[in-house]
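Report on the following structure.
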Amino acid sequence: MNISPELFDQDSDLSDYTAFSHGLYIGGKWRPSSDGRVIEVADPSTGAVIAAVPDATLADAATAVEAAAGAATSWRETPPRRRSEILRRCFELMTERAETLAVLISLENGKALRDARGEVAYAAEFFRWNAEEAVRITGEFGLAPSGANRIVVDYQPIGICVLITPWNFPAAMATRKIAPALAAGCTVILKPASETPLTAYALAALYEEAGVPPGVINVVTTSNPGPVTAAMLADARVRKLSFTGSTGVGRVLLAEAAKHVISCSMELGGNAPFIVFDDADLDAALDGAMIAKMRNAGEACTAANRFYVQAGIHDAFADGLRKRMAALKMGAGTDSETECGPMITRKAVGKIDRLVQDAVARGATILCGGEVPVEKGYFYPPTVLTDVPPDAAMAHEEIFGPVAPISRFEDEAEVIARANDTEYGLAAYIYTRDLAKGMRVASKIESGMIALNRGLMSDPAAPFGGVKQSGLGREGGQKHGITEFMEAKYIAVTI
Ligand code: NAD
């Protein structure tokens, strides 16, 4: 199959973006893969092929590293103020084009338009935040304890960065890496997920328009990510791997990076507990539960994966959640009425179905949903389960879909132990009117992020990341995000 810009013309609203269908984005140029092969992109609401993008080879990976290396010196020497202005322009252009980008995200990922709009705003915000951070990178200066010399610490760009992103937030997971890397003075090669490459290429065109020089951002898509990534990491000029995706692939990449002792940031899977105490505001907890569970139809690393509800409020919460979940409108993401879009692939639907069947076989009760619809497309209905036992597979694996498993608990110590009974430690949610209890429980939950009486915690101004097998390092936040792309250089000087 040849790359055909006409494939994009099926939706005239997106016709402005057909240019990016021409190729890999390397050194400021659009080019086909060296062997001319392509990857087909499907619309998850129908399964129909909507586009094709180049399928990069090892030779293309080498060309991308060459381009990033060629641009590295001039970019690191570009004054921070200028880098900041370019990043700010990226924010402005993303904001101006928000609706088109949101439709594109909905089309290739399937998420509801309202979620896609939220993602574009969140993704753009990384450019605004890092434009502000770019001019505030400071070092350290002090007297050595011996009094013999001064200690000067300078923060320098780490070098060429390989960035790998998942399909669930095609824009935000990329900008959460690109913006701090560029602010720090690094050049990058982005490898987006092959399920959702169109947003990455659309954004590449936008970065160029914003003034990002050729070679500073390169984008390559491949159906052969293991060898292509290994080839890039084997080039001694590559000094950073920043990955967002599953814990399984993260482990493989950590081993690959270890061969070359490359700095790694890992944003991996989650298994977030959502804890509701008896004294919680029921309506607020239900509002928060719907956001924590149903943003992106449950396809989020921070998605509430296990609901632990205290005995006194359990039945009211379960009934309230059932009513809200059952009322959601399922449909194509691009349909403005849709509240729950399709899953990314048929395989993803199969996994969710397996987890639900397993829970039922172990004694769980379905309050709503629980059956794969017969329509075309990769749909799974909003589903609520109660009496989900601790040995159900879904208590330990990411569901990554619109399924809310509820379990009852009696006291604080029990729920903390159950919440921590997982290899993951990304996010957790707590609802209680007792702030002291909320803070006490928050301090004992093993996760990198806690939302206390809130259904959402993601914020470019706050450090995002996990503990345990949910990852290494942080993205966003004051200094955290940029520091991942910098090295401290210590200079001992006698003054
Ligand atoms: P995935 O791990 O299958 O793929 C992620 C990326 O890695 C894709 O670009 C994929 O092509 C690439 N990849 C796959 N195998 C590779 C290999 N051997 N070498 C190099 N690259 C490889 O994950 P996914 O299904 O795309 O995304 C869902 C996962 O991402 C979930 O586990 C979710 O929790 C996680 N996630 C985490 C965060 C976070 O911030 N912690 C955010 C979003 C998603």
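Start at 1 and go down the list; that is how both ligands and their atoms are numbered. The basis for the numbers below is simple: all heavy atoms, side chains too, and nothing from hydrogens, waters or symmetry mates. Here the structure is a predicted model, which is why all the values come from computation and not from measurement.
In terms of N/O distances under 3.5 Å, ligand 1 is not approached by Val249. Residue contacts with ligand 1: Ser194 is placed with no nitrogen or oxygen under 3.5 Å of a nitrogen or oxygen of the ligand (distance criterion only). Annotation: Ser246 places an N or O atom under 3.5 Å from an N or O atom of ligand 1; distance criterion only. The shortest N or O to N or O distance between Lys191 and ligand 1 is under 3.5 Å.
Per-atom contact check: atom 4 (O) of ligand 1 does not touch the protein, criterion being a heavy-atom distance below 4.0 Å.
Near Met173, the atoms of ligand 1 lying under 4.0 angstrom from a non-hydrogen atom of the residue are 42 (C), 43 (C). Shown in contact with Pro192 at under 4.0 Å from a heavy atom are these atoms of ligand 1, numbered in order with element: 9 (O). Atoms of ligand 1 lying under 4.0 Å from any heavy atom of Leu426, numbered from 1 in the order shown and given with element: 41 (N). With ligand atoms numbered from 1 in the order given, ligand 1 contributes 28 (C), 31 (C), 33 (C), 34 (O) to contacts under 4.0 Å with heavy atoms of Phe400. For ligand 1, the atoms lying closer than 4.0 Å to a non-hydrogen atom of Thr165 are 6 (C), 8 (C), 9 (O). Taking every non-hydrogen atom of Phe464 and a distance limit under 4.0 Å, the qualifying atoms of ligand 1 come out as 39 (C), 40 (O). Within ligand 1, counting atoms from 1 as listed, the ones closer than 4.0 Å to a heavy atom of Trp167 are 24 (P), 25 (O), 26 (O), 27 (O). Of all the atoms in ligand 1, the ones that sit under 4.0 Å from a non-hydrogen atom of Cys301 are 33 (C), 34 (O), 36 (N), 37 (C), 38 (C), 39 (C), 40 (O), 41 (N), 42 (C), 43 (C), 44 (C).
The number of heavy-atom neighbours closer than 6.0 Å to CD of Glu371, taken from other residues, nucleotides and ligands shown, is 12 or below. Heavy atoms of other residues, nucleotides or ligands lying less than 6.0 angstrom from CD of Gln478 number 12 at most.
In this structure, Glu133 does not pair ionically with Arg136, as no charged nitrogen and carboxylate oxygen lie closer than 4.0 Å. Using a 4.0 Å cut-off between a side-chain N of Lys or Arg and a carboxylate O of Asp or Glu, Glu484 and Lys177 do not qualify as a salt bridge. Ion pair Arg362/Asp358 flagged as a salt bridge, since at least one NZ, NE, NH1 or NH2 atom sits closer than 4.0 Å to an Asp/Glu carboxylate oxygen. The pair Glu99-Arg117 counts as a salt bridge, with a side-chain nitrogen and a carboxylate oxygen less than 4.0 angstrom apart.
Among all protein heavy atoms, the one lying closest to atom 18 (N) of ligand 1 is Gly226 CA, 3.7 Å. Of the protein's non-hydrogen atoms, the one nearest atom 34 (O) of ligand 1 is Glu398 OE2, 2.5 Å. Nearest non-hydrogen protein atom to atom 21 (N) of ligand 1 is Pro225 CB, 3.5 Å. From the protein, the heavy atom lying nearest to atom 7 (O) of ligand 1 is Phe243 CE1, 3.2 Å. Of the protein's non-hydrogen atoms, Gly245 O, 3.2 Å is the one closest to atom 35 (C) of ligand 1. Regarding atom 27 (O) of ligand 1, its nearest protein heavy-atom neighbour is Pro166 CB, 3.3 Å.
With a heavy-atom cut-off of 4.0 Å, Glu256 does not touch ligand 1 at all. By the criterion of a heavy-atom distance under 4.0 Å, the side chain of Ile164, and not its backbone, is placed next to ligand 1.
By the 4.0 Å heavy-atom criterion, Arg176 is counted among the residues contacting ligand 1. Not a single heavy atom of Phe169 sits closer than 4.0 Å to an atom of ligand 1.
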### Query
Going through the checks in order, is the side-chain hydrogen bond (donor to acceptor under 3.5 Å, both in side chains) test met by Asn109 and Thr196?
CA-CA 6 Å; Asn109 168 282; Thr196 55; 5.9 Å; no

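Residues passing the side chain to side chain donor-acceptor pair (under 3.5 Å) test with Glu195: none are found, sequence neighbours excluded.
Ring planes of Trp30 and Tyr25: tilted class, angle from 30 to 60°. Ring geometry, Phe307 versus Phe274: the interplanar angle falls from 30° to 60°, so the pair is classed tilted.
Scanning Asn224, Val228, Thr229 for the heavy atom closest to atom 20 (C) of ligand 1 points to Thr229. Closest heavy-atom approach to atom 37 (C) of ligand 1 within the set Asn168, Thr247, Leu268, Val252: this belongs to Leu268.
Asn224 and Thr222 share no donor-acceptor pair across their side chains, judged by distance under 3.5 Å alone.
Residue Asn271 is tested with Thr247, Thr422, Asp421 for a side chain to side chain donor-acceptor pair (under 3.5 Å); the sole match is Thr422. Val403 pairs in a side chain to side chain contact (heavy atoms under 4.5 Å, CB included) with only one of the listed residues (Val388, Thr383, Val384), which is Thr383. For the side chain to side chain contact (heavy atoms under 4.5 Å, CB included) with Ile105, the lone residue among Thr199, Leu198, Thr100 that qualifies is Thr199.
The line from CD1 of Ile178 to CD1 of Ile217 is 5.0 Å long, rounded to the nearest 0.5 Å.
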